[in-house]
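Here is the structure we will look at, set down as structure tokens.
Start at 1 and go down the list; that is how both ligands and their atoms are numbered.
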Amino acid sequence: MTTALAVEAVGITKRFGPFTALGDVSLKVAPATVHALLGENGAGKSTLVKCLLGYYKADEGSFLIDGKEEVIARPADADRLGLGMVYQHFTLVPSMTVAENLVMSRADVPAVVDWGKERADLEKFMADMPFKVSLGAEVGTLAAGERQKTEILKQLYLQRRFLVLDEPTSVLTPQEADEMLSLVADLAHSGSITVAIITHKLKEVKKFADEVTVLRRGRYAGKGRTADLEPADMTAMMIGEPQAPASVERRGAAEAEERLLVTSLRTEGDAGRAGLDITKLAVHPREIVGIAGVSGNGQKELAEVLGGQRVPASGEIIVGGEGYTATRDEAQALSVRVLPEEPLRNGCVPRMSVSDNLNLRSFDRDAKGARKFWLNGSAMTDRARRMIAAYGVRAPSREVPIGVLSGGNVQRCVLARELDGEVKLLIVANPCFGLDVKAVAEVRARIVAARNAGAAVLLISEDLDEILELSDRIVVMHDGKIVYETPGAGADAQSIGAHMLGSH
Ligand SMILES: Nc1ncnc2c1ncn2[C@@H]1O[C@H](COP(=O)(O)OP(=O)(O)OP(=O)(O)O)[C@@H](O)[C@H]1O
Ligand SMILES: [Mg+2]
């Protein structure tokens, strides 16, 4: 039976104050297909689908669902029509379990839930899914990759007939991403759902999407069948010019000093998961150590310990020869910078302006890093202006809350702030999550440049390609432990993969 919906947007315009995020954009998604929506960071992709899903009200234009014009004024209207979305930012309730989140998300959830029956139904549903998430786990304890999977499972559980995936695979392993996308493509091609996918991974688009529509700076910029388009053609449509990505070579060898030294580090595990158990991890100046691992194997905990958000049960962290407990003052004194994953949640104050967020780390310091007693407004403005230009941040203005920027632009802001000035130790987690092709190249180049300038870099990433491209040395984490180590040059992706899965 065909249940997949045809979805069409006609002449959509969306303004935020004086800023036009979408100008007269049309999009036609044929039923039972996978349609990719492409464009640079800030092009308007999320805004377009948020209008369709009733989160924003378009100023002009209309939506046709199966050929019929529908008013979608609020998310409940979209629900009723069978339109669903997996967000770039997470929407699950952290204090509830996976099972509770799924059941409670249903519109028809009864006042008194028969958990025994629901649980049995859920287990049956889960058995058919290409990836598993523990139904009893509390969502707040899941790593980003596992939460992303749960978001997707929720939509499939709600039996959507049109599903938008806004960067669904950023935190999945290549294997999980392939599995997930082939599942949704199969569901589409069998006629049960229509899928619109927003992604910056053009290889995925080529492999799993049937058609593409491209936006450029809030305008329609072209469309085509993926069979007729190579990734380079898509990039050219997105940026309006052939691409010459910035890439920087790693220069100079690692120094002998142990800039970061972690020994006998242990943490309590959460929710049935093993805690960290790291005997020794060292990172040297002019060295990028890549930590590879499947999401949920302790990377999040390690980043939290090093970022001061989690207190270890035991162990020692030494930075530049001194004991380190990750306080703000220590980080400042030792030039330690942390680029957390999900920067909007973990590295920003969403309601504060772009300018204030860019100045967050240094607003109370003078040029030498000493504490100052007043804030210099014009210096803050200058700094913000300089960083916005240097990192190509696209924002309606410096004064809008940072929370309204597109995902990629938030990432650029946090990076600009953290890489400003001297960096001795840089800790980055999934730094390219959600960035467009051009921005990925830029960010990676900046990380390498920090390394070349003498920083010790700990790169925690679930993107194995990224680890292979950037690392001087690669270690694999599994179950909270370091289970494998190899030089970056000539590293064998196959054996890294096997250790990531704990099956070597
Ligand atoms: N609520 C809002 N208020 C003001 N401006 C907004 C708001 N939401 C989005 N914008 C602006 O609209 C533009 C388009 O943003 P959008 O999130 O749609 O981009 P995107 O194509 O999804 O980018 P990315 O690939 O980085 O996710 C951006 O410049 C953004 O700052
Ligand atoms: Mg977006």
Checklist entry - Do Arg444 and Glu466 sit within salt-bridge range, that is, some charged N less than 4.0 Å from a carboxylate O? => result yes
Checklist entry - Do any nitrogen or oxygen atoms of Ala395 lie less than 3.5 angstrom from nitrogen or oxygen atoms of ligand 1? => result no
Next on the checklist: Measuring from non-hydrogen atoms of His200 to any atom of ligand 1, is the shortest distance under 4.0 Å?
Outcome noted: yes
Next on the checklist: Out of Arg394, Lys45, Glu40, Gln411, who is nearest to atom 25 (O) of ligand 1 when you count heavy atoms only?
Outcome noted: Lys45
Checklist entry - Looking only at distance, does Asn409 have an N or O less than 3.5 Å from an N or O of ligand 1? => result no
Next on the checklist: So for Asp436, does at least one of its heavy atoms come nearer than 4.0 angstrom to any atom of ligand 1?
Outcome noted: no
Checklist entry - Given Ile198, Leu405, Thr20, Thr47, which one has a non-hydrogen atom that is nearest to atom 18 (O) of ligand 1? => result Thr47
Next on the checklist: Give the atom numbers and elements of ligand 1 that come within less than 4.0 Å of a heavy atom of Glu167.
Outcome noted: 25 (O), 27 (O)
Checklist entry - Is there any N or O on Phe19 that sits under 3.5 Å from an N or O of ligand 1? => result no
Checklist entry - Is it true that Asp420 and Arg337 make a salt bridge, defined as a side-chain N closer than 4.0 Å to a carboxylate O? => result no
Next on the checklist: Check whether Tyr391 forms a cation-pi arrangement with Arg446 (NZ or CZ under 6.0 Å from the six-membered ring centre, at most 45° off the ring normal).
Outcome noted: yes
Checklist entry - Does the pair Asp166/Lys45 count as a salt bridge with the N-to-O cut at 4.0 Å? => result no
Checklist entry - Is there at least one pair of N or O atoms, one from Val404 and one from ligand 1, spaced under 3.5 Å apart? => result yes
Item to check | Arg217 atom CZ: more than 12 heavy-atom contacts under 6.0 Å | outcome: no
Which side-chain N or O atoms in residues 8-16 pair as donor and acceptor under 3.5 Å with protein atoms at least two apart or in another chain?
unit_1 : atom_1 : unit_2 : atom_2 : d
Thr13  : OG1    : Asp24  : N      : 3.0
Lys14  : NZ     : Lys57  : O      : 3.0
Arg15  : NH2    : Glu60  : OE2    : 2.9

Checklist entry - Less than 3.5 Å between some nitrogen or oxygen of Gly408 and one of ligand 1, yes or no? => result yes
Next on the checklist: Can you name the atoms of ligand 1, numbered from 1 with element, that are less than 4.0 Å from a heavy atom of Gly407?
Outcome noted: 26 (O), 27 (O)
Next on the checklist: So, 2.8 Å as the limit: is an N/O/S atom of Asn41 located closer than that to the Mg ion (ligand 2)?
Outcome noted: no
Checklist entry - Under the ring-ring contact (aromatic ring centres under 6.0 Å, His included) test, which residues partner Tyr55, sequence neighbours left out? => result Tyr87
Next on the checklist: Need the ligand 1 atom indices (1-based, order shown) with element for anything under 4.0 Å from a heavy-atom of Ala21.
Outcome noted: 12 (O)
Item to check | Cationic N near anionic O, under 4.0 Å, Asp233 to Lys206 | outcome: no
Item to check | Asp210 side chain to Thr33 backbone, donor-acceptor under 3.5 Å | outcome: no
Checklist entry - Is it the case that Ser353 and Ser355 place a side-chain donor and acceptor less than 3.5 Å from each other? => result no
Checklist outcome for this item: Any heavy atom of Pro396 under 4.0 Å from ligand 1? The part involved is side chain
Next on the checklist: Taking distance alone, with N or O pairs closer than 3.5 Å, would you say Gly42 contacts ligand 1?
Outcome noted: yes
